[in-house]
Undergrad: 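What follows is a single structure, and I will ask about it in a moment.
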Number of protein chains: 2
Amino acid sequence: MTEQTAPPTSAGEPTTTRGEQTRLLIRDTAMRLFRERGYAQTTMRAIAQEAGVAVGNAYYYFGSKDHLIQEFYAQSQVEHHAASRPVLDREDAFGARLAGVLHAGIDVLTPSHSFAATFFKTAAEPTSPLSPFSAESSGPREAAIALFGEVLTGSTTKVDAELRPQLPELLWLAYMGVILYWVHDRSPGQTKTRQLIDGVVPLIDRLVALSRLRVLRPVTRQVLDLIRTLRH
Amino acid sequence: MTEQTAPPTSAGEPTTTRGEQTRLLIRDTAMRLFRERGYAQTTMRAIAQEAGVAVGNAYYYFGSKDHLIQEFYAQSQVEHHAASRPVLDREDAFGARLAGVLHAGIDVLTPSHSFAATFFKTAAEPTSPLSPFSAESSGPREAAIALFGEVLTGSTTKVDAELRPQLPELLWLAYMGVILYWVHDRSPGQTKTRQLIDGVVPLIDRLVALSRLRVLRPVTRQVLDLIRTLRH
DNA sequence: ACTCGCACTTGAACATGTTCAAAGACTGTC
DNA sequence: GACAGTCTTTGAACATGTTCAAGTGCGAGT
């Protein structure tokens with residue numbers, strides 16, 4: 001169905017095959033127009049015209065308008081990783097690391113809030129390849145989960161042995177929740193989302209610490225069993 | 001922008017004003033086609049043709065194709081209320097009541113799983129009037145929250161005084177979470193969602209009970225303060 | 001130099017959600 | 001019963017995402 005002729009370059013652009021430049025041109029033009037006019041207001045015709053190519057050409061590189069969104073995700077993910085580096089290198093307390101990475105994620109997304117919000121709906125559709133849970137998104141998802149794995153491995157906090165392997169994914173899930181809130185956040189500068197992060201991180205921190213207590217073991221196990229059951 | 005000439009009848013259809021029958025005809029035809037073919041595969045032209053009216057006529061009653069979804073919500077909400085009645089009349093333990101109402105909600109939605117899933121994305125868009133958080137949805141939302149209020153008022157369980165007023169909304173939020181999981185649930189008959197409900201209700205139950213303990217008061221308050229801050 | 005194959009490009013044609021000016025139908029008024 | 005006003009209905013026209021058959025041009029093989 002979708003053309004997959006040109007595999008996306010993983011990091012920089014070292015070997016530009018023939019059409020690779022066109023691909024990048026279209027992608028960047030689209031991103032610019034999305035930012036300038038919003039997603040819905042940016043027509044494929046406008047993207048093509050602005051990029052100086054034919055409409056069909058855009059479809060040669062991107063299966064649909066939605067696929068341009070995926071490009072945005074991928075880009076954001078890489079930026080998120082980069083933006084998290086300083087905190088991860090500096091902090092060693094679990095809470096500080098987690099807060100840092102969550103804030104970094106929102107930092108990266110903030111300039112796009114107005115238009116990102118309008119198209120995050122596409123991600124909510126289960127059948128869409130753009131869903132963060134879909135097989136097609138497994139690449140970026142794994143990368144994101146790995147980032148939260150790093151939050152954990154670099155931290156000094158002790159974590160319950162049974163909880164530990166599940167935790168990165170759970171933290172990523174919490175991050176998805178933060179983004180869901182952020183998308184709906186109408187407060188100026190999305191300050192509410194910042195408050196959410198600052199409020200919720202200590203709770204998670206405390207919860208993780210408590211999970212090691214003998215008295216709470218049954219509860220911890222109960223929760224973990226449930227999660228294991230629920231995920232595919 | 002949108003025509004609001006004919007206010008929707010709240011419960012039955014006692015006084016059918018002139019065009020009311022047409023409205024119902026179009027609505028029911030749309031629901032049937034959604035169920036038969038799915039949301040995306042059902043064109044406005046098909047709805048109009050099948051209902052025996054002109055395309056523009058459908059737009060006279062429903063501002064957009066998406067607005068037909070809202071009709072579905074409203075309908076489901078009423079059914080959910082009705083389906084919850086038996087449990088609420090029978091049970092008096094908090095956990096049993098909550099589980100009953102959650103299961104009832106999924107019961108009502110189950111026949112529509114295949115097509116409901118594909119359009120729940122519209123609800124995820126913050127700017128959409130279809131968002132469960134939007135002002136336009138406040139009617140159904142209030143009704144739904146009231147339903148969870150009833151879960152609480154009819155129960156024998158003691159609840160922390162500070163938590164009590166917030167709890168119905170929190171339970172509704174949890175219900176939204178269950179639906180989000182349900183939408184993505186690919187297990188046959190969505191049995192995983194049932195497991196989610198059965199697994200999560202005891203946890204909520206225990207949490208609510210624990211909230212009254214003096215030792216946990218600070219945490220309870222902290223959580224409640226955060227929630228108060230976060231909601232508009 | 002020629003030509004063959006394939007990556008790339010084109011733009012008209014198509015499908016479908018949405019709009020709108022005009023026409024039709026009903027209700028109350030005189 | 002004619003008239004005015006409003007509610008309802010119509011269908012053609014429009015906007016935009018998407019498809020596709022037909023080109024275009026570059027590089028390899030001869």
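Bear in mind the structure is a predicted one, so any value in this text is a computation, not a measurement. The sequence lines fix the lettering, A, B, ..., with proteins before strands; numbering per chain opens at 1.
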Undergrad: Tell me which nucleotide among D:dT18, C:dT18, D:dT10 gets nearest to the side chain of B:Asn57.
TA: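 Taking heavy atoms from C-beta onward, the closest nucleotide is D:dT10.
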Undergrad: Can you measure B:Phe62 atom CZ to D:dT9 atom P for me and round it to whole angstrom units?
TA: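 It works out to 12 Å between those atoms.
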Undergrad: Find the distance A:Gln49:CD to C:dG11:P and express it as a whole number of Å.
TA: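 To the nearest whole Å, that distance equals 11 Å.
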Undergrad: According to the interplanar angle, ranging from 0 to 90°, do the rings of A:Trp182 and A:His113 count as parallel (below 30°), tilted (30 to 60°) or perpendicular (above 60°)?
TA: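 Rings of A:Trp182 and A:His113: perpendicular, over 60°.
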Undergrad: From the set C:dC14, C:dG17, C:dT10, return the single nucleotide nearest to any side-chain atom of B:Tyr59.
TA: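 So the nucleotide nearest the side chain must be C:dG17.
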Undergrad: Using atom NE2 of A:His67 as one end and atom P of D:dG17 as the other, report the distance to the nearest whole Å.
TA: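 In whole Å, D:dG17 P and A:His67 NE2 are 16 Å from each other.
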Undergrad: Is A:Tyr60 close enough to C:dC8 that one of its side-chain N or O atoms is under 4.0 Å from OP1 or OP2 there?
TA: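 So the side chain of A:Tyr60 is within the cut-off, an N or O lying under 4.0 Å from OP1 or OP2 of C:dC8.
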Undergrad: Give the rounded distance in Å between these two atoms: CD of A:Gln21 and P of C:dA7.
TA: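 Roughly 18 Å, once rounded to whole Å.
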Undergrad: With A:Lys65 as the cation and A:Tyr59 as the aromatic partner, state whether NZ or CZ is under 6.0 Å from the six-membered ring centre and within 45° of the axis.
TA: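 Judged by the rule (NZ or CZ under 6.0 Å from the ring centre, within 45° of its axis), A:Lys65 is not positioned above A:Tyr59.
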Undergrad: Would you classify B:Val53 as touching base, sugar-phosphate or nothing, given that sugar-phosphate means primed atoms plus P, OP1 and OP2, and contacts are heavy atoms under 4.0 Å?
TA: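 Counting heavy atoms under 4.0 Å across all strands, the contact made by B:Val53 is with sugar-phosphate only.
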Undergrad: Which listed nucleotide (D:dC7, C:dA13, C:dT18) is nearest to the side chain of A:Arg45?
TA: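 Of the options given, the side chain of A:Arg45 lies nearest C:dA13.
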Undergrad: For A:Met44 and for B:Gly52, locate the closest nucleotide of DNA chain D by heavy-atom distance; then report the residue assigned to the nucleotide nearer the 5' terminus.
TA: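 Comparing both residues, the 5'-ward one is B:Gly52.
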Undergrad: Can you measure B:Ile26 atom CD1 to D:dT8 atom P for me and round it to whole angstrom units?
TA: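 So the two atoms are 11 Å apart, to the nearest Å.
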Undergrad: Tell me if a side-chain donor or acceptor on B:His103 pairs with a main-chain N or O of B:Asp198 at a distance below 3.5 Å.
TA: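 Judged by distance alone, no pair lies under 3.5 Å.
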Undergrad: Using heavy-atom distances to pick each residue's nearest nucleotide on DNA chain C, tell me which of A:Thr22 and B:Gln41 is more 5'.
TA: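 Residue closer to the 5' terminus by nearest nucleotide: A:Thr22.
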Undergrad: Taking atom P of C:dG17 as reference, at what distance in whole Å does atom OH of B:Tyr61 sit?
TA: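 Rounding to the nearest Å, OH of B:Tyr61 and P of C:dG17 are 20 Å apart.
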Undergrad: Only one of A:Val87, A:Leu171, A:Val151 forms a side-chain contact (heavy atoms from CB on, under 4.5 Å) with A:Val101, so which one is it?
TA: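 Of the listed options, the one satisfying the test is A:Val151.
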Undergrad: Between B:Phe34 and B:Tyr39, does the ring centroid distance fall short of 6.0 Å?
TA: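 Aromatic pair counts; centres sit under 6.0 Å.
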Undergrad: Can you identify which nucleotide, out of C:dT18, C:dT10, D:dG11, has its nearest atom closest to the B:Lys65 side chain?
TA: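 The listed nucleotide nearest to B:Lys65's side chain is C:dT18.
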